[in-house]
Amino acid sequence: MTSRLEDLLGKSLMIAIFLYLAIKQAHTIVQTVLLRDQIDLWPFLLASRISGLAFLTLIVFLTVIRRAPKNVSAGIEPRVTAIAGTFCLMFLAVVPTGDPAPEIMIAAACLATLGTILSIWCAIHLGRSFSIMAAARHLVVQGPYSIVRHPLYAAEAVASLGAALGGWSVWSALLFAAWCGLQYRRILNEEAILRATFPEYDDYARQVPRIIPGLAAYRSGKLTA
């Protein structure tokens with residue numbers, strides 16, 4: 001299968017999946033409003049779900065308009081890792097949950113909302129270079145990408161921590177740990193293909209930390225593509 005055909009098939013599948021998830025999220029928002037008298041702390045839950053819908057809608061749009069890849073990772077592992085890392089936290093909906101205190105639920109909803117808003121910011125800057133799979137489309141180094149090399153993963157980690165905290169169980173903690181491991185592997189896969197495609201990536205990586213903001217990001221100033 002050619003990379004162009006694979007990208008087209010993957011694009012179509014991702015649009016279908018995320019559009020379905022967006023529709024489901026819209027339904028949960030309606031249900032949250034209609035059943036608000038039966039839901040504890042419903043404003044926090046509603047804010048989390050609205051931000052989630054905005055993010056899913058943005059992902060659909062960015063997938064529709066994304067650039068064709070200049071290079072993609074070879075082999076099955078990067079593809080399996082990308083898919084598993086994208087969807088593994090959905091199992092939070094079916095694993096056993098605990099009974100967290102209201103304060104924990106508020107913290108979980110706030111983390112989920114904050115992380116999702118930050119994810120939207122990062123995805124907007126990523127723009128037409130957005131991709132689930134490890135692929136080189138265009139080297140983005142502005143905005144949040146001038147602070148850390150993988151700000152979208154950092155933002156998603158905040159939102160995912162909120163989701164796992166809301167589950168309040170060993171199972172949710174294990175799923176979050178698995179998600180972190182998968183995302184780290186995705187980072188390595190993406191960096192490998194970016195280095196192979198863009199000669200300037202090594203210089204960018206020397207100036208900007210991988211995922212935790214540090215002095216190197218501020219010494220480098222605002223980078224431009």
Side-chain angles (χ1 to χ4, degrees), residues 1-22 54-90 115-116 118-157 159-160 178-211 223-225:
M1 182 184 298
T2 66
S3 60
R4 186 174 294 274
L5 178 58
E6 180 187 5
D7 185 64
L8 180 60
L9 291 175
K11 179 177 182 177
S12 301
L13 182 60
M14 289 301 103
I15 290 172
I17 290 174
F18 282 103
L19 185 58
Y20 170 77
L21 292 175
F55 181 65
L56 290 169
T57 303
L58 177 62
I59 294 309
V60 171
F61 174 71
L62 293 179
T63 304
V64 169
I65 67 169
R66 75 185 185 188
R67 293 181 174 93
K70 297 181 178 179
N71 201 358
V72 296
S73 293
I76 190 67
E77 181 273 320
R79 291 157 174 77
V80 172
T81 302
I83 293 171
T86 300
F87 298 111
C88 74
L89 284 184
M90 288 187 177
T116 305
L118 291 174
S119 296
I120 292 171
W121 177 49
C122 295
I124 288 172
H125 279 276
L126 195 56
R128 296 182 63 205
S129 297
F130 175 82
S131 180
I132 297 297
M133 301 297 177
R137 301 176 190 275
H138 175 72
L139 184 58
V140 178
V141 296
Q142 58 270 84
Y145 289 85
S146 68
I147 300 173
V148 292
R149 304 200 301 272
H150 302 278
L152 183 55
Y153 288 132
E156 288 177 343
S160 298
W179 180 88
C180 289
L182 289 165
Q183 300 307 74
Y184 180 69
R185 182 62 198 175
R186 291 177 74 184
I187 286 173
L188 298 182
N189 289 337
E190 289 179 11
E191 291 192 347
I193 196 64
L194 290 172
R195 279 194 168 89
T197 308
F198 302 109
E200 63 270 32
Y201 188 82
D202 282 334
D203 184 58
Y204 168 61
R206 280 191 294 269
Q207 298 181 68
V208 180
R210 175 176 280 160
I211 201 164
L223 302 176
T224 57

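Numbers here are sequence positions counted from 1.
The two residues Arg149 and Tyr201 have their closest heavy-atom pair at NE-OH, 3.4 Å. Heavy-atom minimum distance, Ala54 versus Ile120: CB-CD1, 3.8 Å. Contact detail for Gly10 and Arg66: the closest heavy-atom pair is C-NH2, 4.1 Å. For Val140 against Tyr204, the heavy-atom pair with the smallest separation is O-OH, 4.0 Å. Among all heavy-atom pairs drawn from Phe55 and Ser119, the shortest one is CE1-CB, 3.7 Å. Between Ala136 and Thr197 the shortest heavy-atom distance is CB-OG1, 3.4 Å.
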Practice task
Start with the C-alpha gap between Ile132 and Arg79, add the side-chain angles, then the distance that decides, and say whether side chain to side chain contact (heavy atoms under 4.5 Å, CB included) holds.
Solution key: CA-CA 9 Å; Ile132 297 297; Arg79 291 157 174 77; over 6 Å; no
Exercise for the section: Please assess Thr81 against Glu77 for the test side-chain hydrogen bond (donor to acceptor under 3.5 Å, both in side chains), listing each intermediate value before the final yes or no. Expected result: CA-CA 6 Å; Thr81 302; Glu77 181 273 320; 2.6 Å; yes
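With a 4.5 Å cut-off on side-chain heavy atoms, Ile59 and Thr63 count as touching. Considering only heavy atoms from C-beta on, Leu152 comes within 4.5 Å of Tyr145 through its side chain. Residues Leu62 and Arg128 are not in side-chain contact: their nearest non-hydrogen atoms beyond the backbone lie 4.5 Å or more apart. For the pair Leu182/Trp179, no side-chain contact is recorded, criterion being any heavy-atom separation below 4.5 Å from C-beta on. Using a 4.5 Å heavy-atom cutoff, the side chains of Val141 and Leu139 are in contact.
The SG atom of Cys180 sits 11.5 Å away from atom CD of Glu156, with the distance rounded to the nearest 0.5 Å.
No hydrogens or angles considered: nothing links the side chains of Gln183 and His150 as a donor-acceptor pair under 3.5 Å. For the residue pair Arg137 / Ser131, a side-chain donor-acceptor distance below 3.5 Å is found, with atom types taken as modelled.
Ion pairing between a basic and an acidic side chain is recognised when a charged N comes within 4.0 Å of a carboxylate O; Asp7 and Arg67 show no such pairing.
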